[in-house]
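Computed from a predicted model, the values in this text were never measured in an experiment. Each chain gets a letter, A, B and so on, in the order its sequence line appears, and its residues count up from 1.
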Protein chains: 2
Amino acid sequence: MTIGELARASGFRVETIRYYEREGLLPRAHRWRDNNYRDFDKEALARLHFVRRAKAAGFTLREIRELLDLSLTPGEACGEVEALLSRKLAELDRRMAEMHRMRENLAALLASCRAGEAEGACPVLRAMRQ
Amino acid sequence: MTIGELARASGFRVETIRYYEREGLLPRAHRWRDNNYRDFDKEALARLHFVRRAKAAGFTLREIRELLDLSLTPGEACGEVEALLSRKLAELDRRMAEMHRMRENLAALLASCRAGEAEGACPVLRAMRQ
DNA sequence: CTGGACCCTGAAGTCAACTTCAGGGTGTAG
DNA sequence: CTACACCCTGAAGTTGACTTCAGGGTCCAG
Ligand SMILES: [Zn+2]
Ligand SMILES: [Zn+2]
Ligand SMILES: [Zn+2]
Ligand SMILES: [Zn+2]
């Protein structure tokens, strides 16, 4: 698979894929010997799917790389794998709690906006003004 | 109120407040005539509280400035406020759903790691390349 | 054999949201 | 008087995650 095909299949741009390779999120791609073009396999596509999901969940590239590095750790380091995984889980829970608070904040603002509409004065705007 | 007092009252750093003023999140402060020190009023503190809440709700500075600008245009800006709020709410919901999926992913990974430990082979690698 | 789509590299640029720096004034306690 | 906390400005630096650029090679339909 050329980098362009991988880009179309993954939804990441060509430049982003090269950048991810540089940053260690993808293994260095094997090259087509005579033209030096990268040649990706299905695993690269699976990784990019994982990267997309992880990004959507709010992980930084560094964290995603750590997770991916875990997957390369052989079974013997199972304890470390577990430790890192549960640390990430705890972090995720913290972030999810934070998001819940944000959501409640936002929903309250929206509700007060709608409630104030009847009275002709937006309480959100009023709150900002005064 | 000096900028330092405002900083202590608001929890933002002095430099951040100057930055916010430059960026239009605060009106340009009135100056203490003979020494050119900024002199803030209660409204500035109220704005900073609003900025903090909005940031906590996930708004960018640009969006916060948009909200503040809406509050300066008299009339029915309420609809726009609502639009901005519900757009943000939808975005937040999307991200929360992603995080939930990611959490289940990681939890399953951790469980399978623990289960696989007995058999001497860590299934993490397989799970992540699925 | 040519034009256009595609590939390569290393370096520099961008954006948000700040922070730090350089180089200077002000106010007050001791 | 002077040390020291506080204030000022404009500019440059930081971080993360890319994107754009400069300056090339490659492949293939017509
Ligand atoms: Zn409203
Ligand atoms: Zn409304
Ligand atoms: Zn669930
Ligand atoms: Zn394991």
Taking [atom1] from [X] and [atom2] from [N], how many angstroms apart are they, rounded to a whole number?
X	N	atom1	atom2	result
B/E66	C/dA16	CD	P	12 Å
A/L26	D/dC18	CG	P	12 Å
B/F12	C/dC18	CZ	P	7 Å
A/Y19	C/dG13	OH	C1'	14 Å
B/Y20	C/dA17	OH	P	8 Å
B/E23	C/dC18	CD	P	10 Å
A/R62	D/dT14	CZ	P	16 Å
A/F59	D/dG16	CZ	C1'	17 Å

Kindly give the atom pairs (protein nitrogen or oxygen, nucleotide nitrogen or oxygen) under 3.5 Å for nucleotides 1-4 of chain D.
none

State plainly whether the residues [X] and [Y] are in salt-bridge range, i.e. N to O under 4.0 Å.
X	Y	answer
B/E91	B/R94	no
B/E98	B/R101	yes
A/D39	A/R31	no

> Ignoring hydrogens and geometry, is there a side-chain-to-backbone donor-acceptor pair from A/E23 to A/L61 under 3.5 Å?
Replying inline: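 No, the answer is negative, given that no donor and acceptor are paired below the 3.5 Å cut-off.
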> With respect to the side chain of A/T16, which nucleotide from C/dC18, D/dC18, C/dA17 is positioned closest?
Replying inline: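 Among C/dC18, D/dC18, C/dA17, the one nearest the side chain of A/T16 is D/dC18.
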>> Closest approach to the side chain of B/E15, judged atom by atom: which nucleotide of D/dA17, C/dT20, C/dC18 is it?
In response: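 It is C/dT20.
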> Under the 6.0 Å and 45° cation-pi test, does A/R13 pair with A/Y19?
Replying inline: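 No, cation not above the ring by the 6.0 Å, 45° rule.
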> If we ignore angles and hydrogens, is there a donor and acceptor under 3.5 Å between the side chains of A/E104 and A/H100?
Replying inline: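 No, because no side-chain N or O of A/E104 sits under 3.5 Å from a partner of the opposite role on A/H100.
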> Heavy-atom distance under 4.5 Å between the side chains of A/M1 and A/R38, does that happen here?
Replying inline: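 A/M1 does not reach A/R38 side chain to side chain.
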>> Between B/R87 and B/E63, is there a side-chain heavy-atom distance shorter than 4.5 Å?
In response: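 The answer is yes; the side chains approach within 4.5 Å.
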>> With a 4.0 Å cutoff (strictly under), does any side-chain N or O of B/K55 reach OP1 or OP2 of C/dC18?
In response: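 Answer is yes, contact under 4.0 Å.
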>> Quick test of your reading: applying ring-ring contact (aromatic ring centres under 6.0 Å, His included), list the pairs with at least one residue in residues 21-46 of chain A, sequence neighbours left out, ordered by first then second residue.
In response: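 Qualifying pairs: none.
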> When you check every protein heavy atom under 4.0 Å of nucleotides 6-12 of chain C, what one-letter string (B, S, -) results, 5' to 3'?
Replying inline: BSSB---
